[in-house]
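Here the structure comes first, spelled out in structure tokens, and everything after it is commentary.
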Amino acid sequence: MKISTSRAAIARRIVLPATAAAVVGLASLTGAGVASAHVTANAPTLTQGGYGVVNLVVPNESDAAPTTSLRVTLPGLKSARPEVMPGWKSIVTKKDDMVTEITWTAEPGSPGVPVGQFAQFRFSGGPFPEQETVELPALQTYADGEIADWNQPTPADGSEPERPAPTLTLAPSEGGGHHGGAHAAETASADASGSDSAASASSEDSAARWLGGIGLVVGALGTVFGLAALTALRRNGRGGGNA
């Protein structure tokens with residue numbers, strides 16, 4: 001009787017940690033896909049008061065409908081030109097000769113941004129304000145009518161709001177004039193931004209895949225150990241009863 005009780009205790013010591021490992025593995029797998037689900041903006045070559053290319057990364061957070069429209073609010077730029085995107089049309093809105101908005105809309109028959117995927121919307125323009133950060137509020141619309149308004153500023157304590165506005169961090173300008181090299185700067189920025197954006201997206205995707213793979217391995221190992229322990233417990237229990 002004591003031998004059977006001892007074996008059961010040992011089996012429980014194996015089963016419980018194994019089960020916990022499986023739970024942790026599944027948590028890391030699901031968490032990998034949620035880490036960066038907000039609309040974000042980046043412009044590695046853009047400086048304060050300068051021209052450059054801005055890249056908006058737009059993930060689809062819906063479980064049922066594609067994203068069919070994106071509207072970004074700009075801080076009033078003298079120039080803003082959206083990049084050509086197959087399957088999308090873009091409209092530039094001006095007020096007092098300053099560009100204040102760009103709206104992208106999926107054309108009829110276009111899949112938009114499908115469920116579980118993301119898209120990148122780019123435009124070149126400027127001059128941007130001479131300040132360290134610039135918010136670009138974005139309105140994301142889905143085919144089923146759902147709207148996600150990414151317009152909340154980051155509080156002073158640095159905590160992330162539920163719907164944070166995409167925010168650019170601009171490096172200080174090194175001088176040299178804002179207009180003389182504007183077009184050349186935009187062209188150079190487009191190439192650099194495209195490269196950096198692709199590398200960033202690839203890096204984020206690779207990291208998510210690694211985390212997901214690790215979660216699957218840990219979860220599988222936990223399940224295997226758990227089943228082995230339960231099998232051993234049953235066999236030992238039968239053996240103890242016959243003795």
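Positions are given from 1, in the same order as the sequence printed here. The model shown is predicted, which means the values in this text are computed figures rather than measured ones.
- No side-chain heavy atom of Pro166 sits under 4.5 Å from any side-chain heavy atom of Thr40.
- Annotation: side chain of Phe128 is not in contact with side chain of Gln48 (no heavy-atom distance under 4.5 Å).
- Residues Phe118 and Tyr142 do not share a hydrophobic cluster, clusters being chains of Ile/Leu/Val/Met/Phe/Trp/Tyr side chains in contact below 4.5 Å.
- Here the side chains of Pro155 and Pro161 are in contact, with some heavy-atom distance below 4.5 Å.
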TODO: Let me see the working for Glu160 and His38 under side-chain contact (heavy atoms from CB on, under 4.5 Å), right down to the final yes or no.
DONE: CA-CA 11 Å; Glu160 184 176 82; His38 302 326; 3.0 Å; yes
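- With Ser110 contributing its side chain and Gly87 its backbone, the two residues share a donor-acceptor pair below 3.5 Å.
- Considering only heavy atoms from C-beta on, Lys95 stays 4.5 Å or farther from Glu101 through its side chain.
- Between Arg71 and Gln140 there is no side-chain heavy-atom pair separated by less than 4.5 Å.
- Thr154 approaches Ser159 most closely through the heavy-atom pair CG2-O, 3.7 Å.
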Open item on the list: side chain to side chain donor-acceptor pair (under 3.5 Å), that's the test. Do Glu135 and Thr167 meet it? Break it down for me.
Closed with: CA-CA 4 Å; Glu135 293 180 352; Thr167 302; 4.6 Å; no
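- Cluster annotation: Leu139 is not connected to Met85 through the hydrophobic network of ILVMFWY side chains, with a link wherever side-chain heavy atoms come within less than 4.5 Å.
- Considering all non-hydrogen atoms of both residues, Leu74 and Ala80 come closest at CD1-CB, 4.0 Å.
- The side-chain heavy atoms of Pro164 and Trp150, taken from C-beta on, include a pair separated by under 4.5 Å.
- Taking the side chain as every heavy atom from C-beta outward, Val99 and Thr93 never approach each other to under 4.5 Å.
- Under the 4.5 Å side-chain heavy-atom criterion for Ile, Leu, Val, Met, Phe, Trp and Tyr, Leu46 and Leu77 are members of the same hydrophobic cluster.
- The CD atom of Gln131 sits 7.5 Å away from the CG atom of Leu170 when rounded to the nearest 0.5 Å.
- Atom CG of Asp144 sits in a crowded spot, with more than 12 heavy atoms from other residues, nucleotides or ligands closer than 6.0 Å.
- Within a 6.0 Å radius of CD in Glu146, other residues, nucleotides and ligands contribute more than 12 heavy atoms.
- In terms of modelled atom types and a separation under 3.5 Å, the side chain of Gln152 and the main chain of Arg163 share a donor-acceptor contact.
- Contact record, Phe123 with Pro82: CB-CA, 3.8 Å, taken as the closest heavy-atom pair.
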Open item on the list: For Asn42 and Val57: C-alpha separation, side-chain torsions, deciding distance, then whether side-chain contact (heavy atoms from CB on, under 4.5 Å) applies.
Closed with: CA-CA 8 Å; Asn42 61 78; Val57 180; 4.0 Å; yes
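- Between Val113 and Pro66, every side-chain heavy-atom pair lies at or beyond the 4.5 Å cut-off.
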Open item on the list: Between Ser62 and Thr67, is the side-chain contact (heavy atoms from CB on, under 4.5 Å) condition met? List the steps.
Closed with: CA-CA 8 Å; Ser62 172; Thr67 293; over 6 Å; no
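- Residues meeting the ring pair (Phe, Tyr, Trp, His ring centres under 6.0 Å) test with Phe121, sequence neighbours left out: Trp88, Trp104.
- Applying the 6.0 Å contact sphere to CG of Asp96 captures no more than 12 heavy atoms from other residues, nucleotides or ligands.
- The shortest non-hydrogen separation linking Ser124 to Val53 is CB-CG2, 3.8 Å.
- Residues Thr105 and Ser69 approach most closely at OG1-OG, 4.1 Å, considering heavy atoms.
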Open item on the list: Run Gln117 and Asn60 through side chain to side chain donor-acceptor pair (under 3.5 Å) and show every step you take.
Closed with: CA-CA 6 Å; Gln117 299 186 33; Asn60 187 325; over 6 Å; no
- [ ] Kindly determine whether Val54 and Leu136 satisfy side-chain contact (heavy atoms from CB on, under 4.5 Å), including the steps that lead there.
- [x] CA-CA 10 Å; Val54 175; Leu136 303 176; 4.0 Å; yes
